[in-house]
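Model, not experiment: these values are computed from the prediction. Remember, it's 1-based here, ligands and their atoms both numbered in the order they're listed.
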Amino acid sequence: MKKFPQGFLWGAATSAYQVEGDNVNSDWWQWEKDKGIQNSGHACRHYEFYEQDFDLAKSLNHNCHRLSIEWSRIEPEEGKFSQDGLKHYINVILSLKKRNIEPIVTLHHFTNPVWFGRSGGWENKKSVACFLRYCDFVCRSLAGNVRYWITINEPTVYISHSYIFGVWPPQAKSLRKAKRVRANIVWAHIRAYRLIHKIYKESDIPGPSVSIAHNMMAYVPCTQNMKNRFAAYFRDKWFNFGLLDKIMRQQAMDFIGVNYYSRQLVDVEKWRISDLVMDVCKKDHHPVKKNSMGWDIYPEGLYELLLKLKKYGLPIMITENGICTEDDNLRWEYICSHLKNISLAIEKGVNVTGYLYWSLMDNFEWDKGFVPRFGLIDVNYNTYIRTVRESAKKFSATCNTGVLE
Ligand code: BGC
């Protein structure tokens with residue numbers, strides 16, 4: 001039996017583009033259209049059905065919910081802000097508050113307005129100012145009802161997929177561009193952090209709690225040779241802690257938002273920089289259970305990362321953790337084993353304040369489309385009927401009591 005601290009935040013996360021549907025002014029929408037690939041279409045129609053979805057979250061004893069705001073709905077044309085777009089999100093937040101569910105609001109979750117993408121996206125120096133103008137508009141209107149803010153979701157994942165591997169828009173494969181984008185995004189976060197604090201101060205609203213949602217992975221050497229050990233150490237230092245250290249130096253974080261899913265089994269062939277950074281074991285030398293996209297399930301990795309994060313002395317919120325699977329028993333096993341590891345870390349003095357499962361419901365999994373099923377709630381994409389999964393009910397018992405049996 002594991003008992004979690006009083007006041008622990010229990011809930012699930014979503015992102016606007018993945019659940020809302022019909023985000024026609026977003027660069028992802030434009031990209032899907034241009035490429036003729038699977039269209040996110042109506043997604044889960046959460047834009048219409050959010051009340052019903054929050055009823056379900058409430059019935060599952062969630063006391064918090066992470067959502068994102070679609071920038072392209074707020075600012076569909078450069079500099080022209082939509083009052084209707086804003087009104088919608090005010091209603092969404094109020095609808096959570098009405099149910100006593102704490103909103104955790106993400107300002108950027110992988111998607112940009114079309115106009116922003118067309119003007120060079122995050123490569124453009126102006127991107128930081130554009131992002132801040134949008135943050136200012138949103139934050140001034142929501143401040144009174146929101147305490148937790150995530151400025152940018154998974155900067156490292158966004159940068160690698162969009163500017164290094166070239167699999168997401170704008171499909172660049174350029175280290176030079178990636179470097180520039182990283183600098184702009186980090187700066188955008190730091191400035192947004194300061195801006196949010198300033199707005200709260202000016203409005204006399206008690207302090208906000210601001211972070212990023214940072215993707216972290218366990219890097220495990222496949223065999224204990226020098227190359228593998230060095231590469232695992234290097235990746236951990238660079239991908240897990242590089243960005244955090246940079247932001248910490250600017251004191252631009254009130255808590256650490258951690259997204260954790262899996263491990264990487266590091267198996268390096270040569271002492272080349274590309275191998276050291278990317279090579280993985282292709283032979284499955286240390287088999288573990290996997291999700292339906294083939295990612296290893298490795299809950300102990302979360303424990304180890306949490307212990308390493310302790311040095312920053314900040315509260316830590318698990319802003320995403322989840323599994324796509326057709327096997328709902330495995331989903332519960334996944335949740336349970338990760339919660340156990342979180343609890344072990346808490347026993348070791350790590351201040352973990354919340355756990356958000358990814359995701360509340362099945363949704364649009366980016367370039368993988370609708371096949372991967374991450375949801376606590378099943379979505380029928382023909383009828384849009386929601387069905388609560390057994391794993392969600394088991395999780396709800398823990399949300400209710402704060403105890404994992
Ligand atoms: C992202 C989500 C995504 C999930 C599962 C995270 O990296 O924030 O948008 O759906 O992982 O792949």
Side-chain angles (χ1 to χ4, degrees), residues 11-21 23 26-29 31-32 38 40 43-44 46 65-72 104-112 148-165 167-169 185 189 211-218 239-240 243-244 256-264 290-299 301-302 305 317-326 330-331 334-335 338 354-379 381 391:
T14 58
S15 90
Y17 195 83
Q18 294 178 270
V19 294
E20 285 180 350
N23 272 310
S26 156
D27 62 347
W28 256 89
W29 186 274
W31 181 69
E32 292 174 71
Q38 177 168 33
S40 51
C44 308
H46 176 70
H65 178 72
R66 178 174 166 222
L67 64 126
S68 80
I69 296 196
E70 181 64 27
W71 182 359
S72 64
I104 297 161
V105 178
T106 307
L107 287 157
H108 185 275
H109 196 123
F110 296 158
T111 55
N112 304 298
Y148 294 101
W149 294 92
I150 300 288
T151 56
I152 296 171
N153 180 66
E154 297 189 347
T156 51
V157 172
Y158 177 70
I159 296 163
S160 58
H161 285 59
S162 297
Y163 292 91
I164 297 177
F165 308 137
V167 290
W168 290 357
I185 287 186
H189 163 74
S211 186
I212 57 168
H214 182 46
N215 181 268
M216 300 189 88
M217 202 172 223
F239 299 126
N240 284 335
L243 192 95
L244 283 183
I256 307 173
V258 174
N259 293 0
Y260 177 84
Y261 287 87
S262 182
R263 78 168 173 192
Q264 201 178 72
K290 296 181 192 312
N291 77 8
S292 66
M293 293 199 283
W295 304 356
D296 286 357
I297 299 176
Y298 192 66
L302 179 55
L305 284 168
M317 190 192 294
I318 307 302
T319 36
E320 284 181 34
N321 174 245
I323 177 170
C324 54
T325 177
E326 297 300 318
L330 184 60
R331 189 184 321 280
Y334 182 97
I335 297 174
H338 284 80
Y355 175 86
L356 290 119
Y357 178 79
W358 180 272
S359 176
L360 179 63
M361 61 194 124
D362 294 336
N363 60 47
F364 178 69
E365 179 55 23
W366 306 113
D367 53 322
K368 307 290 182 303
F370 288 102
V371 177
R373 300 260 176 177
F374 275 95
L376 290 173
I377 298 169
D378 165 276
V379 176
Y381 293 112
S391 54

Set of residues satisfying side-chain contact (heavy atoms from CB on, under 4.5 Å) with respect to Thr325, sequence neighbours excluded: Ile323, Asp327, Leu330, Arg331
Qualifying residue for side-chain contact (heavy atoms from CB on, under 4.5 Å) with Phe374, from Met293, Gln18, Met361: Met293
With no hydrogens and no angle check, just 3.5 Å: does a side-chain donor-acceptor pair link Trp71 and Asn112? no
Contact residues of ligand 1, where a non-hydrogen atom lies under 4.0 Å away: Gln18, His109, Phe110, Asn153, Glu154, Tyr261, Trp295, Glu320, Trp358, Glu365, Trp366, Phe374
Matching residue for Met317 among Leu356, Val258, Ile256 - test: side-chain contact (heavy atoms from CB on, under 4.5 Å): Leu356
Does a donor on one side chain sit under 3.5 Å from an acceptor on the other, for Asn321 and Tyr334? yes
Do Glu32 and Ser40 meet the criterion of a side-chain donor-acceptor pair at a distance under 3.5 Å? yes
